[in-house]
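The model shown is predicted, which means the values in this text are computed figures rather than measured ones.
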Amino acid sequence: MDAPVANLGSPRVRFAPSPTGFFHVGSARTALFNWLFARQSGGTFVLRIEDTDKERGREEWVDGIVSALSWLGLDADEGPYRQSERQDVYENAIDRLWSGGFLYACACSREEVMERTRSNATPGYDGHCAELGLAREGHALRFRVPEQGTTVVLDVVRGDVEFPHASIEDFVVAKSTGEPLFVLANVVDDVDMGISHVIRGEDLLPSTPKGILLWRALLGEDAQLPCFAHLPMLVNERRQKLSKRRDPVALESYRDRGYLPEAMVNYLALLGWSHPSGREVMPVEELVARFRLEDVNRSPAFFDVAKLTHMNAEHLRAMGDDAFASACRPWLEPPKAPWPPERFEEKVFRRMVPLVRERVATLDEVPAMVDFLFLAEPLRDEDAWRAVLAEQLAPAVLRAAIALYGSCEWSAQALHEATAALAVELGSKLSKAQAPIRVALTGRRVGPPLFESMELLGREATLSRLEAALAAALRVLPGDADKLPGGADEVLPAGGSMPPGGASQAAG
RNA sequence: GGCCCCAUCGUCUAGUGGCCUAGGACACGACCCUCUCAAGGUCGAGACACGGGUUCGAAUCCCGUUGGGGCUGCCA
């Protein structure tokens with residue numbers, strides 16, 4: 001091991017996940033706070049994979065960590081280092097601890113340890129093997145915790161936390177195979193990598209005094225310890241620590257559901273920290289500028305998807321057309337999009353961008369906003385379709401619309417005016433009259449502004465969809481004009497002119 | 001059980017002894033705007049866990065209680 005690196009110069013922090021599953025939003029928050037601190041202090045952000053347990057780590061999980069950090073934009077300055085490649089460093093540390101008399105070999109089986117723990121008044125393992133003088137080889141190695149005294153954790157967010165040594169058992173630092181355990185490898189690496197600030201979840205607070213004991217055993221009683229900051233836990237609605245088993249915590253799933261990395265970062269930053277001005281929606285640069293470790297609070301925070309969703313909508317609305325369009329990319333082709341790729345028209349979509357952007361909270365809502373433009377027939381929301389077309393006014397509106405749209409100027413404004421006039425003619429409000437037209441064209445009762453949509457859809461598709469809807473409306477209203485042997489073409493109003501069947505005006 | 005942490009609206013939080021009849025945001029409700037839906041605007045309901053201290057004065061400091069959580073592995 002190299003000489004100790006004191007807390008001089010710029011800070012060095014590390015994010016040290018273990019690759020035991022998909023990437024967790026709680027891990028993302030820890031990584032973010034480390035990264036923010038490093039960036040705002042001009043420090044170094046180190047990525048270290050804690051894969052000392054060979055039976056659990058999997059390469060794909062390491063890839064998951066790296067890609068998740070990359071998606072969030074939390075770039076590491078060093079690493080990833082892997083503990084699995086640093087065995088010699090730990091063995092060397094164990095040698096030194098052994099020869100320094102800090103360790104003893106323990107031959108107790110798991111069952112024996114459990115019995116001793118249960119029957120003994122002192123917490124944890126009772127130190128049974130401490131004075132047996134067993135050989136080092138083939139045995140687990142335990143750290144000899146002093147019986148007297150207290151170890152104090154100096155924590156930036158929690159203040160000084162005291163742990164009486166009497167409450168700390170003689171913990172295992174190396175397996176009987178010689179492999180190091182987390183608490184040892186973690187400290188050895190922090191020392192070796194010159195880590196100045198340990199920023200991690202509060203669940204690690206109870207193991208911190210053990211780490212400090214090791215740190216001092218390795219470097220001496222007056223060793224320069226890192227500055228600790230234990231972040232409040234992220235909890236579920238039942239106020240329990242977020243769990244991979246029961247809670248939706250996979251970062252990837254949020255990405256796949258159309259959440260923006262900048263929204264995720266913004267939201268995560270607000271869990272346990274707040275901007276001094278109270279501002280909530282802000283770019284990452286602002287987070288970097290204002291983040292202070294000392295301002296992190298102490299109480300657990302519920303990961304609230306509803307608020308994340310709101311944050312996402314805010315970030316979406318703040319995006320430029322190009323950025324929004326490119327963020328939409330994955331949602332504009334199968335399997336996320338329901339239309340055949342060859343029918344998609346970039347120009348048409350780009351015209352829709354400003355209308356869509358302010359109506360979606362997540363990107364996976366985008367396809368449903370525009371699918372009617374790229375599908376031969378709109379996808380029908382059957383409930384909406386039936387309900388709207390069953391209105392008494394529907395056939396008249398559709399007939400009049402067909403007549404009007406056959407000849408009017410094909411622009412959103414002209415269509416708006418024509419439809420408004422139609423409503424007046426029928427003694428209806430425009431808001432009511434537009435409903436059957438909307439459902440005829442888009443299959444849904446809600447969606448982007450109707451007249452802009454119509455302009456892009458084009459006269460031909462508009463008219464044929466209106467006619468199909470009229471036919472359907474007459475079927476559900478038998479009293480109106482029963483029996484339509486010839487289909488929609490025969491129900492055009494007498495005074496209406498035939499549609500010229502012009503070519504699509506879409507995206508002209 | 002032991003050790004440790006935490007405690008302001010349903011949720012995230014502001015608040016560091018008087019500026020608090022406790023502020024903001026999300027969610028919720030009403031209204032306005034409006035071609036639907038959003039967005040936006042206005043308004044509304046909604047919290048200092050409890051009990052003792054200290055103090056002229058406490059959400060803020062101290063003690064206790066209660067509640068919640070974490071840790072307690074030859075996992076990390």
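Ring orientation note: the planes of A/Tyr267 and A/Phe303 are nearly perpendicular, at an angle over 60° on the 30°/60° scale.
Taking 4.0 Å as the cut-off between side-chain N and carboxylate O, A/Asp381 and A/Arg445 do not count as a salt-bridged pair. Under 4.0 Å is where a charged nitrogen must lie from a carboxylate oxygen, and between A/Asp321 and A/Arg350 no such pair does. No salt bridge links A/Arg459 with A/Glu409; every basic N to acidic carboxylate O contact stays at or beyond 4.0 Å.
Phosphate proximity of B/rC71 to A/Lys241: present, with a side-chain N or O under 4.0 Å from OP1 or OP2. The phosphate of B/rC37 (OP1 or OP2) has no side-chain N or O of A/Arg357 nearer than 4.0 angstrom. For A/Thr52, no side-chain nitrogen or oxygen approaches OP1 or OP2 of B/rC75 to under 4.0 Å. Between A/Ser274 and B/rA14, a side-chain N or O to OP1/OP2 separation shorter than 4.0 Å is present.
Following rounding to the nearest Å, A/Arg444 (CZ) and B/rU36 (C1') show an atom-to-atom distance of 13 Å. The CD atom of A/Glu417 sits 13 Å away from the C1' atom of B/rC35 (whole-angstrom rounding). A/Leu355 has its CG atom 15 Å from the P atom of B/rA39, to the nearest Å. Taking atom CG of A/Asn297 as the reference point, atom C1' of B/rU11 lies 14 Å away to the nearest angstrom. Rounded to whole Å, the distance from CG on A/Asp155 to P on B/rC4 is 15 Å. When the C1' atom of B/rC12 is taken as reference, atom CG of A/Leu308 falls 12 Å away, rounded to whole Å. Atom pair A/Asn266:CG and B/rC12:P shows a separation of 17 Å (rounding to whole Å applied). Note: CZ (A/Phe302) to P (B/rG69) measures 15 Å, nearest angstrom.
In this structure, of B/rU36, B/rC12, B/rC26, it is B/rC26 that holds the atom nearest to the side chain of A/His310. Taking the side chain of A/Leu205 as heavy atoms from C-beta on, and the options B/rC71, B/rC4, B/rC35, the nearest nucleotide is B/rC4. In the set B/rG40, B/rU11, B/rC35, the nucleotide with an atom closest to the side chain of A/Arg317 is B/rG40. The side chain of A/Ala140 has B/rC74 as its nearest neighbour among B/rC74, B/rU36, B/rU13. Residue A/Leu450 places its side chain closer to B/rC35 than to any other of B/rC35, B/rC4, B/rC37. Distances were taken from every side-chain heavy atom of A/Lys175 (C-beta onward) to each of B/rG70, B/rC12, B/rC75; the shortest belongs to B/rC75. The side chain of A/Phe163 sits closest to B/rC4 out of B/rU11, B/rC4, B/rU36. Listed nucleotides: B/rC12, B/rC26, B/rU36. Nearest to the side chain of A/Ala306: B/rC26. Residue A/Ser299 places its side chain closer to B/rA7 than to any other of B/rA7, B/rC74, B/rU72. The side chain of A/Arg110 has B/rG73 as its nearest neighbour among B/rU11, B/rC35, B/rG73.
Heavy-atom distances to RNA chain B give each of A/Ser109 and A/Lys432 a nearest nucleotide, and the one nearer the 5′ end belongs to A/Lys432. In this structure, A/Val183 and A/Arg445 both approach RNA chain B, and ranking their closest nucleotides by distance from the 5' end singles out A/Arg445.
Among the atoms of the strands shown, base atoms are found under 4.0 Å from some heavy atom of A/Pro449. Within the 4.0 angstrom heavy-atom criterion, only backbone atoms of the sugar-phosphate kind lie near A/Glu162; the bases stay farther away. Across all strands, A/Ser176 comes closer than 4.0 Å to base atoms (heavy-atom distances). As judged by a 4.0 angstrom heavy-atom cut-off over every strand, A/Pro17 is placed among residues making no nucleic acid contact. Counting any heavy atom pair closer than 4.0 Å across all strands shown, A/Gly278 reaches no nucleic acid atom. Within 4.0 Å (heavy atoms only), A/Gly201 reaches no atom of the nucleic acid at all.
Evaluation of atom-type donor-acceptor distances gives a pair under 3.5 Å for the side chain of A/Arg359 against the base of B/rC37. Looking at A/Glu280, its side chain comes within 3.5 Å of the base of B/rG24 through a donor and an acceptor atom. Judged by distance alone with a 3.5 Å cut-off, no donor-acceptor contact links the side chain of A/Lys307 to the base of B/rA27. With hydrogens and angles ignored, no donor-acceptor pair closer than 3.5 Å exists between the side chain of A/Ser207 and the base of B/rC71.
Taking both residues in full, the closest heavy atoms of A/Leu72 and A/Val265 are given as O-CG2, 3.6 Å, listed atom of the first, atom of the second, then distance. The shortest heavy-atom contact between A/Val366 and A/Cys328 is CG2-SG, 4.0 Å. A/Val397 approaches A/Pro436 most closely through the heavy-atom pair CG1-CG, 3.8 Å.
For A/His165 and A/Thr150, the side-chain atoms include no donor-acceptor pair closer than 3.5 Å.
Comparing the C1' positions of B/rA47 and B/rU8 gives an interatomic distance of 6 Å, to the nearest angstrom. Nucleotides B/rU34 and B/rA22 place their P atoms 36 Å apart, quoted to the nearest Å. Across B/rC3 and B/rU60, the matching C1' atoms stand 28 Å from one another, rounded to whole Å. Comparing B/rU55 with B/rA14, their P atoms are spaced 30 Å from each other, to the whole Å. Look at the C1' atom in both B/rC48 and B/rG23: the space between them is 13 Å, to the nearest Å. Comparing the same atom, C1', in B/rG10 and in B/rG29 gives a spacing of 14 Å after rounding to whole Å. B/rC9 sits 16 Å from B/rU21 when the C1' atoms are compared, rounded to a whole Å. B/rU11 and B/rG46 are spaced 16 Å apart, taking the P atom of each and rounding to whole Å.
Base-pair partner of B/rA25: B/rU11 (Watson-Crick or G-U wobble, both distances under 3.5 Å). B/rG64 is paired with B/rC50 under the Watson-Crick or G-U wobble criterion, all donor-acceptor distances under 3.5 Å. As the counterpart of B/rG73, no nucleotide is assigned, since no Watson-Crick or G-U wobble pattern has both distances under 3.5 Å.
The side-chain contact (heavy atoms from CB on, under 4.5 Å) with A/Phe228 is formed by just one residue from the set A/Leu204, A/Val156, A/Ile199, A/Ile212; it is A/Ile212.
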